[in-house]
Amino acid sequence: MNSAPNEKLLARFEGCLLGLAVGDALGGRFEAQSAEHLAARFHNVAALIHYPNDELWYTDDTQMMIGVAETLADYGEITEVALCRAFVANYVPTRGYGRGARAVIEAMEDGRDYRSVAEQYFPGGSFGNGAAMRVAPVGLLFCDRPERMRLQARLSSLPTHMHPLGIEGAVLIAAAVSCATRATKFASDAFFEELLDTCTTTEFRRRIESASTIRDKSELTSLGNGIDALNSVVTAIACFALTPHSYDETVGNAVLLGGDTDTIAAMAGAISGAYLGLEKIPARLLDLLEDGPKGRTYIKGLAGRLFDVYSRKSP
Ligand SMILES: [Mg+2]
């Protein structure tokens with residue numbers, strides 16, 4: 001895929017972070033509902049997209065993404081100390097964090113050994129989608145440095161997610177964001193080929209291969225809608241690849257799958273926003289997105305700071 005001209009890149013950085021936040025906030029309204037229930041309530045994607053008429057609040061997905069983006073904007077790279085500090089500084093437990101995530105972040109806050117707390121809650125390491133949901137800024141900043149991107153995505157996972165599938169989920173979302181950020185014209189074959197090259201586990205390779213054959217939204221359910229990375233990361237990627245021209249369709253299809261709606265829509269929205277740019281995210285939803293101290297204005301500025309770091313480092 002060809003590279004996007006630089007002047008379009010800022011809109012893509014903004015589209016990615018705000019696309020994630022809008023997807024998360026819209027999906028957050030329907031977390032854990034079933035696809036059948038959602039289908040009975042919303043006859044199509046347009047009905048879902050037009051449904052909200054009051055303020056949209058984001059959840060832990062966006063809050064942790066902000067921590068990743070702040071770390072990259074401040075230091076130019078992920079270091080575990082800075083990342084944990086950012087997670088703690090942003091932490092509002094009522095934003096929908098899982099029980100294990102709360103325990104790990106509270107251990108960081110108290111200066112306790114958070115890795116052993118993570119091990120207690122998730123023996124063998126968490127294989128949830130918590131590292132994948134927050135990793136998009138890594139895909140943006142290192143969009144033309146694939147090796148660095150993979151290493152940084154891995155580093156951004158480790159404080160909370162040590163299981164190979166939890167880490168690989170994050171690396172794949174970062175890779176999808178990178179690919180979408182660079183592409184001027186989406187080419188499905190090249191996109192999935194790049195993701196297959198990124199895979200190190202058989203489980204994810206098989207899932208990506210299945211996703212690459214999907215031609216209709218009815219087939220998306222076969223990829224899963226759970227809170228584990230294997231059953232949500234590729235689902236989000238496939239939602240984007242099926243409708244790369246439309247943020248509404250990508251995020252709407254993700255939400256209507258039910259299950260872990262906020263995280264799947266957040267990941268799909270990040271990739272879609274990175275490809276389409278900020279202007280293709282419905283203005284109505286952006287206007288409804290909360291705008292407090294770390295709301296939409298802050299997130300847009302954070303994307304700008306990340307873009308400045310990218311511009312300084314790029315030749
Ligand atoms: Mg959430």
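Counting starts at 1 for both ligands and their atoms, following the listed order. Note that this is a predicted model, so its numbers are computed, not measured.
Scanning for side-chain contact (heavy atoms from CB on, under 4.5 Å) contacts around L196 gives R205, I208, E209, with sequence neighbours left out. With sequence neighbours excluded, the residues forming a side chain to side chain donor-acceptor pair (under 3.5 Å) with T59 are D24, D61, D262, listed by chain and number. For Q120, there are no side-chain contact (heavy atoms from CB on, under 4.5 Å) partners at least two apart in sequence or on another chain.
Of all protein N/O/S atoms, those lying under 2.8 Å from the Mg ion (ligand 1) come to 4.
Here the shortest heavy-atom pairing between P159 and L83 reads CG-CD2, 4.1 Å.
Ring centroid separation for the pair F42 and F30 comes in under the 6.0 Å cut-off.
Note: L141 CG to L72 CG = 5.5 Å, rounded to the nearest 0.5 Å.
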